[in-house]
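First the structure, in the form of structure tokens, and then the observations on it.
Excluded from the calculations below are hydrogen atoms, water molecules and symmetry mates; all remaining heavy atoms, backbone and side chain alike, are included. The model shown is predicted, which means the values in this text are computed figures rather than measured ones.
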Amino acid sequence: MRAGDLLRRLDSILLPPLARGMARLGQGPVRSRVLTGAALLSATAVLVTAVWAADRRQAGDPTVGDVVRVGVVEGDSIPSYVSASRHELARMLAEPPVDTPSGETYALVTFSAYLAPDRLTPVLDGVSVSEVFTRVPLPETQTQIVRIPAFRIPTDVVAGMGLVAGRKDREAADYQQRADAVAGDGEPERELRAVYDSGVRVASAEATAYRSKCSCVYAAVVRATPAGLDRIAARTEVRAVDPAPEVRRLDRAVFLPPLPEQDDIVRPPVDQGLADPADPADGATPSASGVPGAVQTPSAGGARPSDETSPAGVPSVTPGATESVRGDPEAPASTGLTPSDGQ
């Protein structure tokens with residue numbers, strides 16, 4: 001029963017007898033005392049109902065409001081992260097979780113190198129996969145982190161790459177239109193045109209790579225028992241398995257895997273194709289800071305200008321931002337925390 005239904009039920013029980021009693025009492029001190037008592041009783045009923053409703057909401061979904069972050073952020077030591085992940089997995093092997101009926105837990109698996117879709121099957125064999133993280137590893141170039149829901153390996157990864165390739169083609173065309181629209185030959189115009197030209201080159205290269213089923217996958221979110229995670233961790237392609245028993249819902253979790261080329265400290269990637277982010281032209285303010293893989297933030301080093309936004313108001317075609325593939329080829333790339341980390 002909802003709280004409003006309960007209050008209406010109390011009204012139907014209490015108000016008719018109270019009205020009849022007031023009619024018999026007429027005017028006087030007795031009537032005043034009865035009205036005061038009725039008011040106190042009503043206030044108490046409202047308070048009890050509110051507490052009851054709050055308790056029901058908490059008992060029904062204790063995870064609402066809790067966002068769990070798994071992985072690394074800028075400035076973290078990667079060797080320390082790998083070591084801590086190993087210790088956590090060893091602890092779970094010694095003391096398996098008892099709060100889940102299956103004994104399974106979510107984990108972030110990061111690879112020591114970028115893998116092609118067809119190489120994922122032997123690496124992730126024996127665990128349930130929820131999604132993978134991909135990035136086209138162009139030298140000294142910032143490229144977009146893409147999250148691809150992937151329950152069937154490698155089929156879903158290949159399909160997701162096809163969708164991304166189409167989006168990158170459209171992105172390249174968008175940058176070309178912007179470059180062609182820049183008039184003038186002053187220094188600000190030349191710089192802005194160079195940024196847009198760089199966007200064309202990068203987006204085109206990403207489209208080509210994804211269309212060819214590139215070696216671009218560098219992490220996965222999986223679910224398995226501690227023993228299953230331990231088997232994955234022993235494979236040569238795997239760099240770290242970070243168990244996340246605290247994750248109950250994927251749509252309330254943010255996964256931040258390190259890139260394979262990061263081997264000491266998590267730091268922003270170099271991008272030789274970007275203009276100086278301290279002096280953006282045409283009012284386009286590049287987003288700086290953050291680490292590739294960070295959900296909801298563009299990767300560091302600046303971002304090529306884009307004023308296209310998703311309904312949430314976040315850049316939809318900004319290279320370096322985290323994109324979530326959903327299966328709709330016309331849907332804007334999302335940098336929000338969506339249920340894809342929840343499925």
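Between L115 and V123, the closest side-chain pair of non-hydrogen atoms falls below 4.5 Å. Considering only heavy atoms from C-beta on, V68 stays 4.5 Å or farther from V254 through its side chain. By the 4.5 Å heavy-atom criterion applied to side chains, M92 and T105 are counted as neighbours. Taking 4.5 Å as the limit, some side-chain heavy atom of V157 sits within range of a side-chain heavy atom of V217. Contact of the Y106 side chain with the L229 side chain is not registered, since no non-hydrogen atoms from C-beta on lie closer than 4.5 Å. At a threshold of 4.5 Å between non-hydrogen side-chain atoms, the residues L259 and F133 do not count as touching. Side-chain contact between P258 and Y81 is present, with heavy atoms from C-beta onward closer than 4.5 Å. Counting heavy atoms from C-beta on, the side chains of V266 and I78 come closer than 4.5 Å.
Heavy atoms only, all atoms of each residue included: S112 and P260 are closest at O-CB, 3.7 Å. P154 approaches D118 most closely through the heavy-atom pair CB-N, 4.3 Å. Of all the heavy atoms in V238 and A233, the pair that sits closest is CG1-CA, 4.1 Å. Residues E131 and P149 approach most closely at CB-CA, 3.9 Å, considering heavy atoms. Nearest heavy atoms, Y210 versus V136: CE1-CG2, 3.5 Å. Summarising the geometry of L89 relative to P226, their closest heavy-atom pair is CD1-O, 3.8 Å, with the distance given to 0.1 Å.
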Legend entry - Full working for side-chain contact (heavy atoms from CB on, under 4.5 Å) between L256 and V70: CA-CA 6 Å; L256 309 172; V70 182; over 6 Å; no
Inset, instruction - Walk me through it: do D76 and I265 pass the test side-chain contact (heavy atoms from CB on, under 4.5 Å)? - result: CA-CA 6 Å; D76 283 354; I265 300 295; over 6 Å; no
Inset, instruction - May I have the step-by-step check of side-chain contact (heavy atoms from CB on, under 4.5 Å) for V146 and V132, ending in yes or no? - result: CA-CA 8 Å; V146 182; V132 300; over 6 Å; no
Legend entry - Residue pair F255, L250: steps toward the side-chain contact (heavy atoms from CB on, under 4.5 Å) verdict: CA-CA 9 Å; F255 294 94; L250 289 181; 3.9 Å; yes
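To the nearest 0.5 Å, atom CD of residue Q176 and atom CD of residue E171 are 13.0 Å apart. Annotation: the span from E246 atom CD to R252 atom CZ amounts to 14.5 Å, rounded to 0.5 Å. Interatomic distance, C216 SG to L138 CG, rounded to the nearest 0.5 Å: 8.5 Å.
With D156 contributing its side chain and R152 its backbone, the two residues share a donor-acceptor pair below 3.5 Å. Remark: side-chain polar atoms of D169 are not paired, donor with acceptor, to backbone N or O of G166 under 3.5 angstrom. Side-chain N or O atoms of S212 include one that pairs as donor or acceptor with a backbone N or O of T208 at under 3.5 Å. For the pair S204 (side chain) and R201 (backbone), a donor-acceptor distance under 3.5 Å is absent. The main-chain N or O of G186 is found under 3.5 Å from a side-chain atom of E189 such that the two form a donor-acceptor pair.
In terms of hydrophobic clustering, with Ile, Leu, Val, Met, Phe, Trp and Tyr side chains grouped at heavy-atom distances under 4.5 Å, V72 and V82 are assigned to a common cluster.
Inspection of the R135 and Y114 side chains reveals an N or O donor paired with an N or O acceptor under 3.5 Å. Between the side chains of E261 and Y218, not a single donor N or O lies within less than 3.5 Å of an accepting N or O. No side-chain N or O of S198 forms a donor-acceptor pair with one of Y175 less than 3.5 Å apart.
Salt bridge absent: R190 and E187 never bring a charged side-chain N and a carboxylate O closer than 4.0 Å. With respect to the salt-bridge test (charged N to carboxylate O, under 4.0 angstrom), the residues E206 and R211 do not qualify.
Screening residues 85-95 for salt bridge (Lys or Arg N to Asp or Glu O under 4.0 Å), with sequence neighbours left out, gives E88-R91. For residues 228-241, the set of pairs meeting the side-chain hydrogen bond (donor to acceptor under 3.5 Å, both in side chains) definition, not counting sequence neighbours, is empty.
Scored by the salt bridge (charged side-chain N to carboxylate O under 4.0 Å, His left out) test, D264 finds R267 as partners (sequence neighbours excluded).
For the side chain to side chain contact (heavy atoms under 4.5 Å, CB included) with Y196, the lone residue among D174, D180, V182 that qualifies is V182.
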